[in-house]
Protein chains: 2
Amino acid sequence: MHDVSTQTRKQREIQQREGRILDAARRILLERGYLGLTMDRIAQAIDYSKGTVYQHFTSKEDVIAAVTIQTFETRMDLIERAATFSGRPRERMVALGEADELFFRLYPDYLRAQQIIRIGSLLAKTSDERLATIQAQRSRMLGIATGVIRDAVAQGDLVLPMQMTAEEMAFGLFSLVLGGRTLTGSRSELSVLGMADPFRTIRQTTFLLLDGFGWRPLTTEWDYEHTLQRVRQEVFPNEVERARGARV
Amino acid sequence: MHDVSTQTRKQREIQQREGRILDAARRILLERGYLGLTMDRIAQAIDYSKGTVYQHFTSKEDVIAAVTIQTFETRMDLIERAATFSGRPRERMVALGEADELFFRLYPDYLRAQQIIRIGSLLAKTSDERLATIQAQRSRMLGIATGVIRDAVAQGDLVLPMQMTAEEMAFGLFSLVLGGRTLTGSRSELSVLGMADPFRTIRQTTFLLLDGFGWRPLTTEWDYEHTLQRVRQEVFPNEVERARGARV
DNA sequence: ATGCATTCTGACGCTTCGTCAGGGAGTGTC
DNA sequence: GACACTCCCTGACGAAGCGTCAGAATGCAT
């Protein structure tokens with residue numbers, strides 16, 4: 001073996017380069033879309049040869065997967081912070097929703113990468129390891145949501161309706177949010193719908209779905225707008241500020 | 001000008017070929033995914049040269065768009081039939097949901113094509129005319145949903161909650177269904193969720209969302225399972241039978 | 001048969017992908 | 001400082017797909 005510090009320097013350089021690749025990919029993806037993202041372009045952007053890029057990623061789909069994995073960590077960070085919010089379980093669920101809304105406002109490129117990756121035949125081109133990571137991330141996020149649901153049941157705030165499981169309820173909530181974001185993402189669909197503030201609509205619909213679940217206290221019994229204010233001030237003051245700045 | 005009937009024969013032939021192209025594309029898309037769909041492959045499948053395929057479509061994305069447009073007509077057909085179902089407005093909304101569920105059961109390839117087309121930079125490669133058609137189709141479908149919502153309001157069964165508009169409510173419903181289908185589409189996500197019957201879960205969640213909207217009669221006041229049975233028997237006997245056969 | 005119009009074809013140039021033989025650059029040894 | 005060794009980087013290359021277009025083929029009219 002040779003000098004450790006030198007070894008490390010090189011390794012650090014490589015590690016760093018991976019970050020630069022992802023940054024470049026993110027930018028290109030946002031500017032030129034999926035078809036505009038090419039390995040040559042990435043290589044040129046980071047001023048290395050294509051072969052070097054291929055030492056980090058097996059394909060351009062693999063790069064995109066890595067982009068989503070990286071950004072997902074930020075997403076989880078916000079969600080985990082939201083989960084620490086103290087209050088009735090339903091208030092914590094509202095906090096989770098707010099965390100995710102802020103996330104999508106702050107990182108609009110995530111949605112795009114996500115949608116590309118979701119296309120079956122593309123995901124198949126990523127490395128197995130990355131695939132497993134994505135799987136693990138999803139289940140981590142799901143765990144937090146079902147956890148809050150179970151807490152609500154334990155506290156007597158919620159009786160699972162129609163013999164649904166906590167997972168099925170979480171599935172419903174995720175569906176609503178994912179679908180809403182997807183529709184929001186394609187400008188043309190929004191214009192058809194003539195929606196002013198899709199984020200607000202998704203939020204309101206989520207509130208009403210929770211009412212439909214019979215999750216106490218209902219919106220008629222509790223001021224969730226106030227809860228929202230608290231979450232924003234107490235948990236996400238910086239993010240709210242940044243989201244205000246970012247035009248989405 | 002020459003003989004009209006001959007002219008027509010040729011034109012019919014061309015028309016017919018367009019159908020064959022779409023059929024082939026659908027099949028290839030289902031079997032080999034987006035990346036496996038190539039213009040050469042399509043040409044080979046219909047036993048014509050690539051150039052001929054290009055006389056119908058400008059690009060492979062254009063083909064996919066045409067696939068969705070064609071299948072969407074089937075979707076609209078089911079939805080329009082559902083809209084004729086007589087009953088309280090909420091029952092008609094249930095009928096719409098059932099129509100769409102049957103549609104996705106019967107034509108699973110639609111979801112795939114849809115997701116591809118939704119990716120911005122791909123949609124950009126389709127012809128303007130097709131783009132306009134897609135736009136028109138969406139607004140047609142939206143119109144039916146908002147129509148039912150407005151009927152409910154007119155009949156006093158529904159008071160729009162939280163100052164939402166009919167369009168925003170429709171947006172919420174579409175979001176839920178679209179998101180649910182998307183999650184259902186990717187096997188890996190389902191396995192994480194451990195869902196037995198995602199279609200049922202989406203249906204139940206929709207019911208509960210309508211409850212959340214305060215749309216009378218609520219599930220506690222009315223047997224919508226019975227409504228569902230009626231819809232299936234009275235409007236979609238054939239489709240239900242076919243859906244039973246199709247393993248999705 | 002001949003001319004004309006319309007349609008079809010596949011070879012072609014171009015782009016991107018992913019690979020890999022060969023050329024550094026850095027490190028350790030004497 | 002020379003040499004050997006390892007690790008990393010490079011860009012040229014074959015393969016594959018895209019979209020085009022000059023020319024062949026087909027069908028119709030006279």
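A, B, ... follow the sequence lines: proteins, then strands. Residue 1 opens every chain. Excluded from the calculations below are hydrogen atoms, water molecules and symmetry mates; all remaining heavy atoms, backbone and side chain alike, are included. Everything numeric here is computed off the predicted structure, so don't read it as measured data.
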Participant: Would you call B/E239-B/R105 a salt bridge at under 4.0 Å N-O?
Facilitator: no
Participant: Any donor-acceptor pair under 3.5 Å linking the side chain of B/R130 with the backbone of B/A66?
Facilitator: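 Between the backbone of B/A66 and the side chain of B/R130 there is no qualifying donor-acceptor contact (under 3.5 Å).
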Participant: Counting only N and O atoms by type, is there a donor-acceptor contact under 3.5 Å from the side chain of A/T146 to the main-chain atoms of A/E167?
Facilitator: no
Participant: What's the CD1-C1' distance between B/I64 and D/dC18, to the nearest Å?
Facilitator: 14 Å
Participant: Under 3.5 Å, is there an N or O donor on one side and an acceptor on the other linking the side chain of B/K60 and the base of D/dG17?
Facilitator: no
Participant: Once you round it to whole Å, what is the distance between C1' of D/dG17 and CD of B/E61?
Facilitator: 12 Å
Participant: As a test of reading the structure: which of D/dT10, D/dA12, D/dT20 is closest to the side chain of A/K50, going by heavy atoms?
Facilitator: D/dA12
Participant: Could you please spell out the steps behind the side chain to side chain donor-acceptor pair (under 3.5 Å) verdict for B/R200 and B/Q204?
Facilitator: CA-CA 6 Å; B/R200 184 175 53 78; B/Q204 289 179 334; 3.3 Å; yes
Participant: Would you indicate which nucleotide in C/dT9, C/dT7, D/dT20 comes nearest to any side-chain atom of B/I14?
Facilitator: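 Comparing C/dT9, C/dT7, D/dT20 against the side chain of B/I14, the answer is C/dT7.
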Participant: Examine distances only and state if a side-chain atom of B/K60 and a backbone atom of B/Y34 form a donor-acceptor pair shorter than 3.5 Å.
Facilitator: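 The answer is yes, because a donor-acceptor pair under 3.5 Å joins these two groups.
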Participant: Take the protein atom OH of A/Y54 and the nucleotide atom P of C/dA21, then report the distance between them rounded to whole Å.
Facilitator: 17 Å
Participant: Could you check how far CZ of A/R12 sits from C1' of D/dC8, rounded to whole Å?
Facilitator: 18 Å
Participant: Evaluate the side-chain proximity of A/R26 to A/Y107: yes if any heavy-atom separation is below 4.5 Å, no if none is.
Facilitator: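 A/Y107 does not reach A/R26 side chain to side chain.
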Participant: Would you say B/R32 has more than 12 foreign heavy atoms packed within less than 6.0 Å of its CZ?
Facilitator: no
Participant: Backbone N or O of B/G36 within a donor-acceptor pair of the B/R41 side chain at under 3.5 Å?
Facilitator: yes
Participant: Within the structure, does a side-chain N or O atom of B/T52 lie under 4.0 Å from either OP1 or OP2 of C/dT9?
Facilitator: yes
Participant: Quickly work out the A/K125 NZ to C/dC17 C1' distance and round it to whole Å.
Facilitator: 7 Å
Participant: Could you check how far CD of A/Q55 sits from P of C/dA21, rounded to whole Å?
Facilitator: 15 Å
Participant: Can you list, in residue-number order, the parts of residues 15-39 of chain A that come under 4.0 Å of DNA chain C, counting heavy atoms only?
Facilitator: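 Hits under 4.0 Å, by residue number: A/L37, A/T38, A/M39.
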Participant: Could you check how far NE2 of B/H56 sits from C1' of C/dC8, rounded to whole Å?
Facilitator: 11 Å
Participant: Nearest-Å distance, CD (B/E13) to P (D/dT26)?
Facilitator: 13 Å
Participant: Please confirm whether the shortest side-chain N or O distance from A/S59 to OP1 or OP2 of C/dC17 is below 4.0 Å.
Facilitator: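 Answer no for this pair, as no side-chain N or O of A/S59 is under 4.0 Å from OP1 or OP2.
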Participant: Quick check: does any side chain N or O of A/D62 sit under 3.5 Å from a backbone N or O of A/S127, one acting as donor and the other as acceptor?
Facilitator: yes
Participant: Contact list please: residues 40-48 of chain B against DNA chain C, heavy atoms, distance less than 4.0 Å, in numerical order.
Facilitator: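 Those residues are B/Y48.
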